[in-house]
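To start, the structure under review is shown below, and the notes come after it.
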Amino acid sequence: MALLEISSLSIQFGGLRAVDDFNLTVEKGELYGLIGPNGAGKTTVFNLLTGEYKPTEGVILLDGVDITGKSTIEINRAGIARTFQNIRLFRQLSVLDNVKVGLHNQYKYSAFSAVLRLPSYFSTEKQMNEKAMELLSVFKMEGEADTISANLPYGKQRKLEIARAMATNPKLLLLDEPAAGMNPHETQELMDDIRYIGENFGITLLLIEHDMKLVSGICEKLTVLNFGRILTQGDTKEVLGNPEVIKAYLGDD
Amino acid sequence: MKNMTKTSKDNLTTILMIVAVYVIVMILRSAGLINSQMDGLLVPLCVYATMAVSLNLVVGILGELSLGHAGFMCIGAFASAFFSKVFEQSMGVFPRFLFAILIGGLVAGIFGFLIGIPVLRLKGDYLAIVTLAFGEIIKNLMNVLYVGRDANGLHFSLKDAASLGMAEDGELIINGPLGITGTPFDSNFTIGFVILLLSTVFVLNLINSRHGRAIMAIRDNRIAAGSVGIPITRFKMFAFTVSAVIAGCAGALYSHNLSSLIATPARFGYNMSILFLVFVVLGGIGSTRGAIIASIALTLIPEVLRFMADYRMLIYAIVLIVMMIVNWNPRSRAWIQAHSLTKLFRRKEGS
């Protein structure tokens with residue numbers, strides 16, 4: 001059974017059908033890319049998947065469970081985590097605390113034991129610190145654990161967002177333009193990191209990206225969106241060779 | 001001790017600071033160096049500092065502007081004073097005051113929860129306006145509330161004392177605009193200190209826990225907090241209610257230090273709520289220690305400068321504006337960094 005099955009997903013904003021009859025099947029462990037020109041509706045698909053928007057039509061199945069129309073919190077608990085195109089960190093919190101917020105639903109103790117500093121507080125906090133450091137080490141950011149996240153350089157802010165999303169222990173991780181604003185060196189690092197996550201954490205990845213080097217480098221399959229509709233989908237090589245796709249990106253001769 | 005993080009050291013400093021001030025005041029007091037005017041200020045100081053800690057939780061940690069915090073204090077004050085009046089004869093001083101404080105906090109907490117349900121759906125300016133209105137409503141409601149007691153039990157009225165319909169032997173407990181008179185003087189500086197210390201420890205421990213992180217995550221980015229599975233409404237309600245409980249306890253401390261408890265604008269009006277906000281802003285939004293220091297400084301300054309007490313609010317305004325300019329202007333910040341004491345010393349060493 002596929003991890004994610006989306007069938008005939010649509011959303012209408014007034015007279016605009018931002019996403020129209022969207023179908024997607026992502027198998028477990030796949031690295032899947034969602035590409036398309038600006039305004040094609042890619043981020044809208046992410047917002048529909050995470051419950052930020054409620055779809056007008058269509059069904060979303062995660063691991064066989066219907067998550068259509070559920071709240072963002074329920075969907076996160078069901079196993080979808082995401083990053084944002086415009087970075088959304090908890091800017092006044094430290095890098096470590098950002099990841100620990102992600103661990104909120106995994107490691108629990110009561111407010112009572114927090115206020116009275118009972119043993120369960122200390123033992124759970126210790127586990128949280130260890131887990132958070134482990135996630136930061138994936139991105140080689142252990143040294144910056146105490147830095148206030150707003151003070152991180154841009155590339156590391158993007159990586160911290162991924163670490164925070166991974167902290168919620170997702171089955172499916174949605175990355176919204178992870179390489180946006182990164183230089184080629186940072187992009188290369190990010191590609192290695194994404195591959196590492198896919199291989200070692202058992203997380204399936206669906207990503208939106210404009211950087212074609214990254215897309216062709218790591219994505220196994222692609223779906224191309226244009227004006228809210230699927231232009232084509234399939235193996236990366238075939239899709240990128242498709243004249244329709246080139247036309248959508250570069251325009252008609 | 002050596003494994004302590006920076007934040008827990010910071011918190012320990014705050015707590016030690018409060019304890020140190022208490023010890024110093026107690027020593028000065030026993031040496032007879034505190035005049036009666038200052039002595040009378042000690043309990044209000046604890047009340048205001050506790051209110052600053054409480055409001056800082058909403059404004060600094062949750063990041064929502066509440067302008068009605070004097071309302072929660074008002075509820076705590078009346079609920080606890082009412083309790084003490086009813087059980088004045090039947091309980092010992094210590095258990096009665098302990099229960100009075102708990103009841104003040106509990107009733108204020110219930111109101112905080114109930115008001116939080118509609119209010120926390122709003123954000124920013126809208127939330128500020130509604131909480132402002134709430135504070136005023138509570139104050140005005142207390143001015144028309146009559147409660148009396150006779151052999152048949154309690155009687156309530158919002159009209160006048162006569163409409164309570166009490167028997168001859170009835171006793172008026174809350175007398176509308178005249179409030180509650182004759183509340184036992186149970187408050188003292190030591191109890192005030194304990195309440196301030198407990199609320200500070202409570203809030204600091206809460207901030208440095210998964211619950212506190214969730215609340216601050218909502219403050220910093222609501223959408224991102226939702227995306228990592230933080231139940232936003234629940235934690236907003238939680239922070240708001242806890243803050244109301246602490247304000248209620250401060251109110252209980254306040255009312256048991258007054259011979260007559262009247263819901264006057266000067267005590268529970270919006271000026272008071274703004275004053276609490278000034279404590280929080282001046283202390284550095286989000287800093288519990290700063291809020292406590294600011295509350296003490298701003299309560300003492302007008303007393304020391306009594307001859308210009310009428311200009312107190314003017315001074316607040318000027319101090320606030322100056323603080324904002326100094327804190328937020330990049331040029332002044334750079335200047336402060338360049339001229340900080342540590343830098344100065346280092347430069348001298350080098351030359």
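Chain naming here is simple, since letters A, B, ... match the order of the sequence lines and numbering starts at 1 in each.
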### Message
Quick check on the interface: out of A:Gly102, A:Ser71, A:Ala111, A:Ala167, who has the most heavy-atom pairs with chain B under 4.5 Å?
### Response
A:Ala111
#### Entry: Backbone of A:Leu34 reached by a side-chain donor or acceptor of A:Thr223 within 3.5 Å
no
Residues of [range] within contact distance of chain A, non-hydrogen under 4.5 Å:
range: residues 224-234 of chain B; value: B:Ala224, B:Ala225, B:Gly226, B:Ser227, B:Val228, B:Gly229, B:Ile230, B:Pro231, B:Ile232
range: residues 52-62 of chain B; value: none
range: residues 104-124 of chain B; value: none

### Query
Are any of the side-chain nitrogens in B:Arg213 or A:Glu125 under 4.0 Å away from the carboxylate oxygens of its partner?
yes
### Query
Would you call A:Arg88 and A:Glu161 a salt bridge, taking side-chain N to carboxylate O under 4.0 Å as the test?
no
### Message
Can you confirm whether A:Leu175 sits close enough to A:Ile162 that some side-chain heavy atom of one is under 4.5 Å from a side-chain heavy atom of the other?
### Response
yes
### Note, B:Phe235 side chain near A:His104 side chain (heavy atom, < 4.5 Å)
yes
### Message
Classify the ring geometry of B:Phe238 against B:His211: parallel below 30°, tilted from 30° to 60°, perpendicular beyond 60°.
### Response
tilted
### Task
Please say whether the positively charged group of A:Arg164, taken as NZ for Lys or CZ for Arg, lies over the ring of A:Phe90, i.e. under 6.0 angstrom from the six-membered ring centre and within 45 degrees of the axis.
yes
### Query
Applying ring-ring contact (aromatic ring centres under 6.0 Å, His included), which residue pairs with at least one partner in residues 110-164 of chain A are found, sequence neighbours left out?
A:Tyr109-A:Tyr121
